Novice: 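So that we are looking at the same thing, I have put the structure below in structure tokens.
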Number of protein chains: 2
Amino acid sequence: MVPANATRTAEKTFREMIRLFGLLEKVMQPYFARFGISGSQWGVLRTLHRAELEGLTGLRLTDLGDRLLIRPPSVTGIIDRLERVGLVVRDGSPEDLRAKLVSLTGKGRQLVGQVLAVHGEQIERVLGCLNPIEQERLHRLLSRVGLHLESLLAGREAGED
Amino acid sequence: MVPANATRTAEKTFREMIRLFGLLEKVMQPYFARFGISGSQWGVLRTLHRAELEGLTGLRLTDLGDRLLIRPPSVTGIIDRLERVGLVVRDGSPEDLRAKLVSLTGKGRQLVGQVLAVHGEQIERVLGCLNPIEQERLHRLLSRVGLHLESLLAGREAGED
DNA sequence: TCAATTTAGTTAGCTTGCTAAACGAATCCA
DNA sequence: TGGATTCGTTTAGCAAGCTAACTAAATTGA
């Protein structure tokens, strides 16, 4: 059991996290909309771009899901819509006939360049109210909570239900 | 213009925020599922419970949306589902024939009690990896970013596009 | 007073997350 | 070799957010 005022500190911090999450979506959504994409779609495009820099020619849907922490059906949907507008293509993998490799088209690569050109500035707009030391402190606290939550989730998967 | 490594600090902090929110949803979703509700539904139930403590007999959908930072159609949907399972009721407001007052049913009030009985413990499970001082520090940093984002959004509404 | 505007709520239709279930391809192992 | 199982993806269907467009009620103001 934990003292009541410690619980209150945890609870207000928790609530602020939830609130900030909502605010962040509301700020980022119109920013990405200027490029005709959503935040989730940007996640996919950026991930594919990073994979290119690593020398990979394409990523399987499963790999995308792993990197973005979303499940296969969600990946299928986002890729469907990105493919429909020609930012991305699906090709069958030569090594595994079950798998498909997703990669950026020329148009997709160009869009990533456009976003990256102003992305640092946008993030600065969001976090500019903290100086670099405070940003670093925030990053460290968030990382610790993140690692903690990952271990909670790993435990659950292992069948501790 | 901002130095390159300051941008990198901001970016990794930003990315950690996004990642943490995804993890948080994955941890909280099964927790609420045990009570047969979703996180959004809990947001509504808790808000209605708070309103009762303030002496209000019901909240208008608009007020709920304001408190939860979601738009009217989203509120309509959540209330529809909560009403369907009998946790909440809609009554016409006597003062304004356009408005409807949402309030907890007995069943809803009972469920809120059940959740609240273990809620502090669950939040402790999430934030217990930080001591109270660190939690307080995290809260302060998040609050500052939250206030900053609110002012960004307020500016945009005022027509600075 | 009464027409115009604003406000409260809903509906329709989109995206994006989820789970459950289907499917074929790949792999394992007896 | 052949049957069982696992893997990668898709489909179906639900929840929850959004915008745009609508109805009905309230308010404003000329």
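Below, chains carry the letters A, B, ... as their sequence lines are ordered, and counting in each starts from 1. The shown structure was predicted, so the numbers you read here are calculated from the model rather than taken from an experiment.
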Novice: Rounded to whole Å, how long is the line connecting atom CG of Leu64(B) with atom C1' of dA16(D)?
Specialist: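 Atom-to-atom, Leu64(B) to dA16(D), this comes out as 15 Å.
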Novice: Treating primed atoms plus P, OP1 and OP2 as sugar-phosphate and everything else as base, which nucleotides of nucleotides 19-25 of chain D get B, S or - for protein heavy atoms under 4.0 Å?
Specialist: BB----B
Novice: Tell me which nucleotide among dT10(C), dC18(D), dG17(C) gets nearest to the side chain of Ile78(A).
Specialist: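 Shortest atom-to-atom distance from the side chain points to dG17(C).
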Novice: How is Thr76(B) classified with respect to the nucleic acid when contacts are heavy atoms under 4.0 Å: base, sugar-phosphate, or nothing?
Specialist: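 Thr76(B): base contact, heavy atoms under 4.0 Å.
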Novice: Would you say Leu53(A) has more than 12 foreign heavy atoms packed within less than 6.0 Å of its CG?
Specialist: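 Check passes, neighbour count above 12.
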Novice: Tell me which residues in residues 37-47 of chain A put a heavy atom below 4.0 Å from DNA chain D, sorted by number, or none.
Specialist: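 Nothing qualifies; none.
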Novice: Over 60° means perpendicular and under 30° means parallel, so tell me whether Trp42(A) and His119(A) are parallel, tilted or perpendicular.
Specialist: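 Ring orientation, 0 to 90° scale: tilted.
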Novice: Between Glu95(A) and Arg90(B), which has a closest nucleotide on DNA chain C that is more 5'?
Specialist: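 Its nearest nucleotide being more 5', the pick is Arg90(B).
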Novice: Between Lys26(A) and dG17(D), does any side-chain N or O lie under 4.0 Å from OP1 or OP2?
Specialist: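 No, because none of the side-chain N or O atoms of Lys26(A) sits under 4.0 Å from OP1 or OP2 of dG17(D).
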Novice: Scan the side chains in residues 97-117 of chain A for donor-acceptor partners under 3.5 Å anywhere in the protein, sequence neighbours excluded, and list what turns up.
Specialist:
{"from": "Arg98(A)", "atom 1": "NE", "to": "Asp96(A)", "atom 2": "OD1", "distance (Å)": "3.1"}
{"from": "Arg98(A)", "atom 1": "NE", "to": "Asp96(A)", "atom 2": "OD2", "distance (Å)": "3.4"}
{"from": "Arg98(A)", "atom 1": "NH2", "to": "Asp96(A)", "atom 2": "OD2", "distance (Å)": "2.8"}
{"from": "Thr105(A)", "atom 1": "OG1", "to": "Gly86(A)", "atom 2": "O", "distance (Å)": "2.7"}
{"from": "Thr105(A)", "atom 1": "OG1", "to": "Leu87(A)", "atom 2": "O", "distance (Å)": "3.2"}
{"from": "Thr105(A)", "atom 1": "OG1", "to": "Lys107(A)", "atom 2": "N", "distance (Å)": "3.4"}
{"from": "Thr105(A)", "atom 1": "OG1", "to": "Gly108(A)", "atom 2": "N", "distance (Å)": "3.0"}
{"from": "Lys107(A)", "atom 1": "NZ", "to": "Val85(A)", "atom 2": "O", "distance (Å)": "2.8"}
{"from": "Arg109(A)", "atom 1": "NE", "to": "Glu52(A)", "atom 2": "OE1", "distance (Å)": "3.1"}
{"from": "Arg109(A)", "atom 1": "NE", "to": "Glu52(A)", "atom 2": "OE2", "distance (Å)": "3.0"}
{"from": "Arg109(A)", "atom 1": "NH2", "to": "Glu52(A)", "atom 2": "OE2", "distance (Å)": "3.0"}
{"from": "Arg109(A)", "atom 1": "NH2", "to": "Leu104(A)", "atom 2": "O", "distance (Å)": "3.2"}

Novice: Using the test salt bridge (Lys or Arg N to Asp or Glu O under 4.0 Å), find all partners of Glu136(B) that sit at least two apart in sequence or belong to another chain.
Specialist: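 Here the qualifying residues are Lys12(A), Arg140(B).
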Novice: Partners of Arg90(A) by salt bridge (Lys or Arg N to Asp or Glu O under 4.0 Å), sequence neighbours excluded?
Specialist: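 Listed in chain order: Asp80(A), Glu83(A).
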Novice: With 3.5 Å as the limit, what N/O pairs link the protein to nucleotides 1-3 of chain D?
Specialist:
none

Novice: How is Arg81(A) classified with respect to the nucleic acid when contacts are heavy atoms under 4.0 Å: base, sugar-phosphate, or nothing?
Specialist: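 It contacts base atoms.
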Novice: Over all heavy atoms of both residues, which pair between Arg67(B) and Leu59(B) is shortest? Give the atoms and the distance, please.
Specialist: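 What the structure gives for the nearest pair is NH2-CD2, 3.8 Å.
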